[in-house]
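Working notes, structure below.
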Amino acid sequence: MAHYVQLACFPLALFIFHTSEFALAIVIHGASKVSTKSFLLSKEYLLAMMCGLLEYGFEEIYAPGMKSKMQISYMGLFLIILGEAIRKAAILTAKHNFTHDIKTFHHENHELVTHGIYRFVRHPSYLGFFLWSIGTQVLLINPICAMGYAVVTWRYFARRILYPKMWSCLKMYVFRICI
């Protein structure tokens with residue numbers, strides 16, 4: 001019976017994450033510069049969350065004892081809270097320097113943030129989301145989705161971190177050829 005708490009905490013974690021992302025975007029950038037994209041809901045993301053719910057349901061039916069290991073769910077809840085705290089600390093520290101979009105060129109009012117949580121981690125918002133997303137699946141005791149989320153989010157952020165560097169190198173390479 002206690003394991004149904006997991007299923008109640010999951011949508012609550014989603015709600016808190018997405019509404020706080022949207023609210024912070026409005027507070028930092030102003031409502032006129034924020035769109036519904038700041039909710040961070042893509043088709044792929046929603047599909048991943050549905051996979052998590054499907055795994056939960058399948059395992060609840062075919063391996064119900066697995067879902068009763070509340071110590072594992074508590075670890076997932078800890079990862080959710082830690083990830084949320086790290087990500088929100090990153091957003092609040094970076095303020096207007098934080099956006100959900102990749103920037104490929106320097107904006108006039110942009111500055112590199114090196115204080116606060118950025119003293120310890122170069123991409124704390126990515127680390128926060130990484131921990132949060134895995135935590136949602138550990139909360140549900142979904143071993144398949146937990147591993148899947150870890151691999152997919154790791155690869156996603158690795159490519160995202162490299163994107164501006166690759167773009168700059170490509171521009172330099174093309175520029176040299178065109179001369």
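One-based numbering along the sequence shown.
- Using cut-offs of 30° and 60° on the angle between ring planes, the pair His123 and Tyr126 is parallel.
- In this structure, CG on Leu47 lies 9.0 Å from CG on Leu54, to the nearest 0.5 angstrom.
- Between the side chain of Gln137 and the backbone N or O of Tyr149 there is no donor-acceptor pair closer than 3.5 Å.
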task = Show your reasoning for whether side chain to side chain contact (heavy atoms under 4.5 Å, CB included) applies to Met70 and Tyr74.
result = CA-CA 6 Å; Met70 292 306 291; Tyr74 295 144; 4.0 Å; yes

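- For the atom pair Ile16 CD1 and Trp132 CH2, the distance stands at 10.0 Å (nearest 0.5 Å).
- With hydrogens and angles ignored, the 3.5 Å screen pairs no side-chain donor or acceptor of Gln6 with any backbone N or O of Ser73.
- Both Phe78 and Phe130 sit in one connected hydrophobic cluster of ILVMFWY residues. Membership requires side-chain heavy atoms under 4.5 Å apart, directly or through other members.
- Residues Leu140 and Lys67 share a closest heavy-atom pair of O-NZ, 2.8 Å.
- Between Lys69 and Ile141, the closest side-chain pair of non-hydrogen atoms falls below 4.5 Å.
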Practice item. Report the C-alpha distance between Glu84 and Ser20 in whole Å, list the side-chain angles of each, state the deciding distance to 0.1 Å, and finish with yes or no for side chain to side chain contact (heavy atoms under 4.5 Å, CB included). Key: CA-CA 10 Å; Glu84 184 81 26; Ser20 64; 3.1 Å; yes

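- Here the CD1 atom belonging to Ile134 is positioned 10.0 Å from the CZ atom belonging to Phe129, to the nearest 0.5 angstrom.
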Ile91 vs Glu21, side chain to side chain contact (heavy atoms under 4.5 Å, CB included): CA-CA, chis, key distance, verdict
CA-CA 9 Å; Ile91 294 170; Glu21 287 283 319; 3.5 Å; yes

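- Under the 4.5 Å side-chain heavy-atom criterion for grouping Ile, Leu, Val, Met, Phe, Trp and Tyr, Val151 is not connected to Tyr156 through any hydrophobic cluster.
- When hydrophobic clusters are built by joining Ile, Leu, Val, Met, Phe, Trp and Tyr residues whose side-chain heavy atoms come closer than 4.5 Å, directly or via intermediates, Tyr118 is grouped together with Val121.
- Closest non-hydrogen pair, Met66 versus Pro143, comes out as CE-CD, 3.2 Å.
- Between the OG1 atom of Thr153 and the CG atom of Leu127 there is a distance of 10.5 Å, given to the nearest 0.5 Å.
- A donor-acceptor distance shorter than 3.5 angstrom exists from the side chain of Thr136 to the backbone of Ser133, with no hydrogens or angles considered.
- With hydrophobic clusters built from ILVMFWY side chains whose heavy atoms lie under 4.5 angstrom apart, Leu46 shares a cluster with Phe17.
- Phe10 and Met50 fall within the same hydrophobic cluster, where Ile, Leu, Val, Met, Phe, Trp and Tyr residues are linked whenever their side-chain heavy atoms come under 4.5 Å apart, directly or through other members.
- When all heavy atoms of Thr114 and Arg122 are compared, the closest pair comes out as CG2-NH1, 4.4 Å.
- The two atoms that bring Ser125 and Ala90 nearest to each other are N-CB, 3.6 Å, heavy atoms only.
- Heavy-atom minimum distance, Leu14 versus Tyr45: CD2-OH, 3.4 Å.
- Note that CG of Leu53 is 6.5 Å distant from CG of Leu7, once rounded to the nearest 0.5 Å.
- The two residues Ile117 and Pro124 make their nearest non-hydrogen contact at CG2-CG, 3.7 Å.
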* To do: Evaluate the side chain to side chain contact (heavy atoms under 4.5 Å, CB included) criterion for residues Ile80 and Val138: first the C-alpha distance (whole Å), next the side-chain angles of each, then the deciding distance (0.1 Å), finally the verdict.
  => CA-CA 9 Å; Ile80 289 169; Val138 174; over 6 Å; no

